[in-house]
Amino acid sequence: MHKPILIIGACGQIGTELTFELRSKYGAENVIASDIREGGEALMQSGPFELLDATNYAAIEDVVMHYEIDEVYLMAAMLSATAEKFPMRAWNLNMNSLFNVLNLAKEKKISKVFWPSSIAVFGPNTPKQNTPQSTVMEPSTVYGISKQSGERWCEYYYKKYGVDVRSVRYPGLISWKTMPGGGTTDYAVEIYHEALKKGSYECFLDSDTELPMMYMDDAIRATVSLMDSPAEKIKVRSSYNLAGMNFTPKQMAESIAKHISAFKISYAPDFRQEIADSWPSSIDDSAARKEWGWEPRFDLDQTTQEMLKNLKG
């Protein structure tokens, strides 16, 4: 039997799908979902749930001790676009929640931690094509600064205290099950909803803004695969580059037009354009492929097919 897992931030875009996946893999009673608010009906009915503030150490410790938690997946965060509006709130949530979980692991109250990083750790001076695993970062957003700091702390806790912490740098994520939560790549989900509802979409990024993206099924598989890998295979303790596909809003619109011939896209770049311009266009994830066998399964056209099929119901 798998030891109990706690997911903090289980009601977010990634957390929701991760909860369902882990429950189907390890049994609902072994996966405790938690968030600062209740989630959708399906999530709430699928297994145990605790209301939990990720910045409250004592509250997390209580849940960990009560359920005898072994692993924590810390998915709570304020994302890039929202964080620019509330910089200190974002910093406090993104950093304090991480320290809470790392300190529980340092005190041997839990044995393993997953913490997500992001392509937002890279900045305008980072090589844009095939961004290497180790390179210049210099993030220019609040979200990116908090994620880069988090990576350094994860590595520090691993080296200094032997904390088994694991991480991937998620690209933009595309899912039909949950709406995104205030990120710069949200257009890549919104566009499918609008295509089906209105037959058109006004994009907040320029037509030729190429960004790394990933279908959610691949992201969840990568997360679980990393956590299942033997500790000796995990050589990177800051965060692994993770790649799926790269495309522009124009290419995405063309992919949709193969299914909805009258679909039209227009462009009205806003403050998120500057954020997107500071990020890579493509990612070199050879370390993840070599060390723990990562391989994506979905390209753009397969993603479009899945999104439209599932959103149509």
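Computation of the quantities below employed the complete heavy-atom set of this structure, encompassing side-chain atoms and omitting hydrogens, waters and symmetry-equivalent molecules. Residue indices begin at 1 and follow the sequence shown.
- By the criterion of side-chain heavy atoms lying less than 4.5 angstrom apart, applied directly or through intervening Ile, Leu, Val, Met, Phe, Trp or Tyr residues, Val168 is not grouped with Val121; the two fall into different hydrophobic clusters.
- At distances below 3.5 Å, not a single donor-acceptor pair connects side-chain atoms of Asp206 with backbone N or O atoms of Pro269.
- Remark: the Tyr73 side chain and the Thr19 side chain contain no N/O donor-acceptor pair separated by less than 3.5 Å.
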- Walk me through it: do Asn103 and Tyr157 pass the test side chain to side chain donor-acceptor pair (under 3.5 Å)? CA-CA 9 Å; Asn103 283 328; Tyr157 268 71; 2.6 Å; yes

- Item | Check against side-chain contact (heavy atoms from CB on, under 4.5 Å), Ser200 and Glu194 | CA-CA 6 Å; Ser200 64; Glu194 296 292 304; over 6 Å; no

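- With hydrogens and angles ignored, the 3.5 Å screen pairs a side-chain donor or acceptor of Asn241 with a backbone N or O of Asp284.
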- Message: Using side-chain contact (heavy atoms from CB on, under 4.5 Å), reason through Phe99 and Tyr57 one step at a time and then give a plain yes or no.
- Response: CA-CA 9 Å; Phe99 280 124; Tyr57 178 85; over 6 Å; no

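- Under the 4.0 Å criterion applied to side-chain N and carboxylate O atoms, Arg272 and Glu84 are not assigned as salt-bridge partners.
- Salt bridge annotation for Glu254-Lys250: present, with a cationic side-chain nitrogen under 4.0 angstrom from a carboxylate oxygen.
- Partner Leu74 forms a side chain to side chain contact (heavy atoms under 4.5 Å, CB included) with one of Ile60, Leu98, Leu102, Asn94 and no other, that one being Leu98.
- Listed here is the closest heavy atom pair of Ile174 and Thr303: CG2-CG2, 3.9 Å.
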- Item | Check against side chain to side chain donor-acceptor pair (under 3.5 Å), Gln273 and Thr209 | CA-CA 8 Å; Gln273 184 64 49; Thr209 307; 3.0 Å; yes

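- Hydrophobic clustering of Ile, Leu, Val, Met, Phe, Trp and Tyr side chains at less than 4.5 Å, counting indirect connections, unites Val63 with Trp115.
- Between the side chain of Thr178 and the backbone N or O of Gln13, at least one donor-acceptor pair lies under 3.5 Å.
- Between the side chain of Asp186 and the main chain of Gly183, a donor-acceptor pair closer than 3.5 Å is present.
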- Task: Determine, step by step, whether His259 and Gln305 satisfy the side-chain contact (heavy atoms from CB on, under 4.5 Å) criterion, reporting the C-alpha distance in whole Å, the side-chain angles of both residues, the deciding distance to 0.1 Å, and the verdict.
- Result: CA-CA 8 Å; His259 301 265; Gln305 209 169 328; 4.1 Å; yes

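- With a 4.5 Å cut-off on side-chain heavy atoms, Lys258 and Thr304 do not count as touching.
- For the pair Asp285 (side chain) and Tyr240 (backbone), a donor-acceptor distance under 3.5 Å is absent.
- At distances below 3.5 Å, not a single donor-acceptor pair connects side-chain atoms of Lys109 with backbone N or O atoms of Glu61.
- The backbone N or O of Thr184 sits less than 3.5 Å from a side-chain atom of Ser80, completing a donor-acceptor pair.
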- Message: Walk me through whether Tyr192 and Trp176 qualify under ring-ring contact (aromatic ring centres under 6.0 Å, His included).
- Response: CA-CA 9 Å; Tyr192 291 111; Trp176 57 270; over 10 Å; no

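- Closest of all the heavy-atom pairs between Ala76 and Ser97 is O-OG, 4.2 Å.
- Between Pro116 and Lys147, the shortest heavy-atom contact is O-NZ, 2.5 Å.
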- Item | Check against side chain to side chain donor-acceptor pair (under 3.5 Å), Gln129 and Ser282 | CA-CA 5 Å; Gln129 300 294 334; Ser282 58; 3.3 Å; yes

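- A donor-acceptor contact shorter than 3.5 Å is absent between the side chain of Glu38 and the backbone of Glu50.
- Using cut-offs of 30° and 60° on the angle between ring planes, the pair Tyr156 and Trp153 is perpendicular.
- Placement of Ile32 and Ile36 in two distinct hydrophobic clusters is found when ILVMFWY residues are connected by side-chain heavy-atom separations under 4.5 Å, directly or transitively.
- At least one side-chain heavy atom of Met214 sits under 4.5 Å from a side-chain heavy atom of Leu173.
- Side-chain contact between Thr248 and Leu205 is absent, with no heavy-atom pair separated by less than 4.5 Å.
- Under a 3.5 Å cut-off, the side chain of Arg23 and the backbone N or O of Val31 do form a donor-acceptor pair.
- Looking only at atom types and distance, the side chain of Asp70 has a donor-acceptor partner in the side chain of Ser111 under 3.5 Å away.
- The closest donor-acceptor contact from the side chain of Asp35 to the backbone of Cys11 lies under 3.5 Å.
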